[in-house]
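Here is the structure we will look at.
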Amino acid sequence: MNEARILIVEDETNIRRFVRLALATEGYEIFEATSLPVQISLIRLA
Amino acid sequence: MGYPVPVAGFDEAYGDAAATENIFWCQAGMTNLVSDSFPTAAPDDQRPDPDVLLQQVQQEEARAQRGRLKIFFGASAGVGKTYAMLSAARTAHAQGVPLIIGVVETHGRAETEALAVGLPLLPRKVVSYRGHTLKEFDLDAALAFGTAHAGGPEPPLVLLDELAHSNIAGSRHPKRWQDVEELLAAGIDVWSTMNVQHLESLNDIVGGITGIRVRETVPDTLFDTAEEVVIVDLPPDELLARLAAGKIYIPEQIRHAAANFFRKGNLIALRELALRRTADRVDTQMQSWRRTLGVTDGRLLWSTRDAILACVGPGMGGEAVVRTAARLAAQTNLPWHAVFVDTSSQRRVDEDERQQALRVLKLAQELGATIAMPAGTDAGEVLIRYARENNLSRLVLGWRSGRRYWRSSLIEQLADQTPDMDVLQVPLPDDKRKSSQTRRFRMDPALVYWQGYVIAIAVCMLVAVAATLLHGTLDMTNIVMLFLMAVVGVALRYGRGPAMLTTFLGVALFDFFFVPPHLSFNVSDIQYLITFAVMLAVALVIGQLTAGLHSQAEVATERERRVRGLYQMSRELSAALLAEKVAEVSAHFIATEFAAKSALLVADRNNQLQIQPGASTDVDMAVAQWCFDKGEAAGHGTYTLPSCACLMLPLKAPMRLRGVLAVQPVQTMFTPEQRQLLDTCASLLAISLERIHYIQVAQDSIVQMESERLRNSLLSAISHDLRTPLASLVGLADTLNLVSPPLPAPQAEIAGAIRQSARRMSILVNNLLDMAHLESGKFQLHCEWLPLEEIVGSALAACTSLPERHPVEVQLAEDLPLLYLDAVLFERVLTNLLENAVKYTPAGTAIRISAKVLGSSVCITIDDEGPGLPVGREESVFGKFERGSRETAIHGVGLGLAICRAIVQVHGGRIYGENRFEQGHVAGARFVIILPRGEPPQDDGSEAQAVLADRDNP
């Protein structure tokens with residue numbers, strides 16, 4: 001398992017989906033968001 | 001075409017050996033300059049006026065394009081002009097000049113005919129005229145001959161005997177010299193022959209010498225502007241000997257006239273005239289030569305101040321004045337004007353004389369004058385004003401002894417008011433007999449005049465009866481007043497003549513009925529004689545004044561009506577937005593103004609004349625086309641195709657010709673003022689048509705701009721919305737390979753196919769977006785100085801399918817400089833070209849990329865070995881949505897090359913495609929990109945640092 005955590009910010013669901021799948025196969029921990037405010041709150045939560 | 005006067009019928013054909021002839025080749029050895037059209041200039045210093053020189057240069061240039069005219073000029077028939085011309089033609093033919101005999105009259109002389117043998121002969125056109133079959137010169141064939149031989153080392157040459165010949169009715173031009181003009185204008189050289197009697201300005205002099213007037217004449221300007229005049233001279237004695245020996249051809253029917261003509265005295269005089277006229281010509285050449293050199297003896301050889309004004313008009317002289325002025329102008333090399341003063345008093349009274357004067361004016365124009373028809377009541381005043389306005393200081397007027405009083409006063413008046421002008425008086429032949437004839441003739445048809453006189457008598461009777469009835473209550477003075485009133489009334493309504501009649505009749509009636517003793521012309525009281533005299537004088541004056549006023553008012557009304565018509569027309573035209581509307585306005589104007597039928601022909605995009613709807617006359621399209629092509633009036637009343645029923649006027653707008661106006665006059669020809677009005681009308685129409693044309697152009701371009709803009713915004717919108725789902729499609733298809741567990745083989749294959757199709761589609765959409773982006777104008781280049789190898793390398797790497805299908809050969813010249821390019825975009829250019837090669841050429845064929853320096857540019861070529869570009873569409877494949885062949889299995893929308901071109905153009909270069917040929921066969925396509933080389937920065941390290949820094953921060 002990779003140490004790095006990756007946040008994907010993308011409003012298109014399908015694009016977000018395949019990027020997540022591709023990165024997940026590499027073993028990263030993935031976070032998803034559709035826009036910026038959500039992203040920051042997520043980071044803080046983590 | 002008959003010969004109205006005998007002498008015109010025989011021209012010489014003379015075939016004796018040329019041993020006894022004296023032929024003077026009179027040749028100035030330099031370009032002859034037009035003698036009568038130098039611009040106004042009178043500089044005080046000795047330097048040549050630059051405007052004059054410029055005009056001379058322009059004339060020489062114009063002349064160089066025109067054909068050259070050579071005239072074989074003789075004193076009379078029988079001197080051997082045709083023989084001399086044919087001899088010269090044989091020499092020219094031997095030297096390889098492309099020549100053809102248009103018309104040569106040998107009159108059956110064996111020696112002359114022998115000369116013509118072996119020279120190419122233009123077949124004559126067979127024309128049937130009034131039941132006769134005639135053979136005429138074929139102008140079109142001659143023009144075709146000229147076109148066929150144009151551009152050779154020697155210009156084509158046409159031999160055309162008898163320059164003064166009249167063509168038969170129905171020919172394109174009424175005179176042969178007009179045919180010659182057209183040939184010259186087409187750049188064809190012409191050789192022709194003429195006699196001194198055929199020169200327009202000498203026509204009456206020759207007539208005076210020989211007693212025979214020749215009707216067939218040639219304008220002097222043609223003679224003076226001829227490149228070369230060859231005098232064919234023969235002493236009179238030898239000519240007479242030749243005549244006696246029967247060596248001169250004379251038709252049987254004119255033997256008698258010929259005997260009178262060929263008298264020694266005549267021949268000597270004619271010979272002198274011919275030699276002198278040619279000497280004048282040479283003198284003119286000498287003067288223009290001196291002018292070009294600037295040798296002017298300290299002053300210019302002429303100044304415009306001396307220009308000549310010939311006054312034409314009833315009573316002021318006609319033909320004689322014009323001819324005198326023309327000769328004077330020719331001798332002194334001055335410009336000249338001819339005017340006909342249209343005084344209102346002449347409008348009704350002397351219609352025939354007026355027509356005569358207009359004919360004379362036309363003659364003056366043919367002789368090279370500038371003509372005008374100023375109007376006014378007082379001839380003298382108008383003449384002086386015109387002369388001052390146009391800087392004319394010599395007036396030429398006709399003068400007739402013992403004619404009317406006021407005529408001589410005109411000359412006196414002119415002499416009085418213009419001490420600074422010369423007034424030349426030309427004695428006029430006494431033509432009383434003729435004028436009385438015309439006067440009697442004129443009375444008949446004018447019913448109005450009869451009416452006028454009848455009513456004048458009736459009015460007098462009525463007044464007499466009324467006065468008789470009131471005799472008891474009315475004073476004598478009041479009776480006189482009644483008669484005066486009758487005079488005023490008649491003058492007002494019927495003009496001068498009836499008013500005069502009323503005057504005299506009134507006085508007579510007054511005397512007979514009212515003056516004691518009644519019913520007798522005797523007068524008891526001597527006082528009444530004074531009454532009569534005063535009554536007569538007053539009535540005459542009132543009558544004259546009233547009639548004059550009346551006709552003036554008529555003239556003014558007429559003019560005002562005309563101006564109003566034009567004004568109305570221009571206002572209607574300014575509102576017109578369609579050519580059909582212009583046609584309607586023009587038809588309406590011509591119908592009301594001239595009561596004539598008309599048609600408007602407008603040139604379409606392909607310069608084809610189209611008759612606009614609403615035409616009321618049939619148009620001979622051939623004549624209209626001629627008029628349009630030449631930009632000159634043609635048809636009825638002109639020199640060109642006068643047998644046509646319509647007068648064709650070219651519609652000359654500022655930019656170009658817009659069409660032709662065809663007008664069919666009701667009965668007679670148009671008078672000069674009507675022609676002027678028509679010309680004004682034509683130019684108004686032309687301007688309107690041009691305006692409409694440009695409205696159309698503006699609208700078209702607005703529509704085009706709009707549609708372009710719409711397309712671009714549509715493209716960018718669609719492209720953007722398509723791009724996102726396509727990107728996810730490609731990504732998702734890619735991820736299908738990554739998921740675990742791995743897909744089984746069939747599914748993996750399907751996923752691969754989805755991925756490939758999606759990728760292809762995304763390339764297309766990218767192209768669309770790029771194109772829209774490039775065309776939007778909001779586009780920025782990110783240029784750097786780069787080696788071409790780098791870009792070629794990355795382009796080759798981007799074309800993944802390339803290496804497996806085609807061997808690629810890259811030949812880049814050693815000395816290639818750095819190029820200032822946007823790397824990303826330029827890679828697109830190469831990629832697109834390579835992908836095209838992959839798409840359109842069979843697998844296994846080679847692709848070559850090469851680049852070399854060409855002067856200040858760099859030339860990159862990409863060659864393939866495919867089927868090549870479609871022939872004739874090498875350029876159009878660069879258009880948007882253009883593909884090599886319409887229906888094809890190869891995918892794509894036809895944007896690749898359009899993008900390439902757009903990118904190369906924003907780099908300041910150009911791109912084109914062509915086919916490579918090897919041994920006459922298409923060996924493949926070649927695309928060439930030419931880029932400006934630019935000035936690469938000196939590589940001193942700092943630049944490289946900057947470039948690197950640039951790349952790090954894009």
Side-chain angles (χ1 to χ4, degrees), chain A, chain B residues 713-773 776 797-798 800-801 824 828 953-954:
Chain A
M1 266 320 233
N2 215 312
E3 284 299 307
R5 288 182 289 180
I6 296 177
L7 172 68
I8 304 167
V9 184
E10 166 63 53
D11 60 345
E12 274 286 323
T13 322
N14 281 332
I15 288 180
R16 207 166 59 228
R17 180 175 298 154
F18 80 74
V19 174
R20 178 172 53 80
L21 281 172
L23 292 174
T25 53
E26 297 292 322
Y28 293 102
E29 190 182 347
I30 309 294
F31 296 92
E32 288 180 58
T34 52
S35 59
L36 201 65
V38 187
Q39 168 206 0
I40 292 163
S41 58
L42 271 175
I43 290 168
R44 290 211 178 118
L45 278 175
Chain B
S713 56
L714 201 68
L715 268 180
S716 59
I718 289 177
S719 306
H720 185 263
D721 285 355
L722 283 176
R723 221 177 192 185
T724 325
L726 271 172
S728 34
L729 200 56
V730 173
L732 287 169
D734 272 342
T735 350
L736 268 180
N737 285 331
L738 303 173
V739 291
S740 57
L743 291 173
Q747 278 87 335
E749 199 186 321
I750 293 170
I754 294 174
R755 183 176 155 272
Q756 210 179 359
S757 297
R759 182 172 287 269
R760 217 161 67 194
M761 193 151 175
S762 102
I763 291 173
L764 289 182
V765 171
N766 279 347
N767 274 349
L768 279 171
L769 187 65
D770 287 345
M771 197 68 224
H773 193 49
S776 67
T800 45
S801 53
V824 179
R828 277 297 295 282
N953 314 306

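The chains referred to below are lettered A, B, ... by the order of the sequence lines, with proteins before strands, and numbering in each begins at 1. Only this structure's heavy atoms are used, side chains among them; waters, hydrogens and symmetry mates stay out.
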Q | Interface moiety of B/Thr735 toward chain A, non-hydrogen atoms closer than 4.5 Å | A | side chain
Q) For atom CD of B/Glu749, is the number of surrounding heavy atoms from other residues, nucleotides or ligands below 6.0 Å larger than 12? A) no
Q.
To the closest 0.5 Å, what do you measure between CZ (A/Arg16) and OG (B/Ser728)?
A. 11.5 Å
Q.
Tell me which pairs pass salt bridge (charged side-chain N to carboxylate O under 4.0 Å, His left out) where either residue lies in residues 729-740 of chain B, with sequence neighbours left out.
A. B/Asp734-B/Arg755
Q: Check B/Leu732, B/Leu736, B/Val730 against A/Phe18 for a side-chain contact (heavy atoms from CB on, under 4.5 Å) and give me the one that passes.
A: B/Leu732
Q: Between chain B and each of A/Asn14, A/Leu21, A/Val19, count heavy-atom pairs under 4.5 Å; write down the option with the most.
A: A/Asn14
Q) Quick one: side-chain hydrogen bond (donor to acceptor under 3.5 Å, both in side chains) partners of B/Arg828, sequence neighbours excluded? A) B/Asn767, B/Asp770
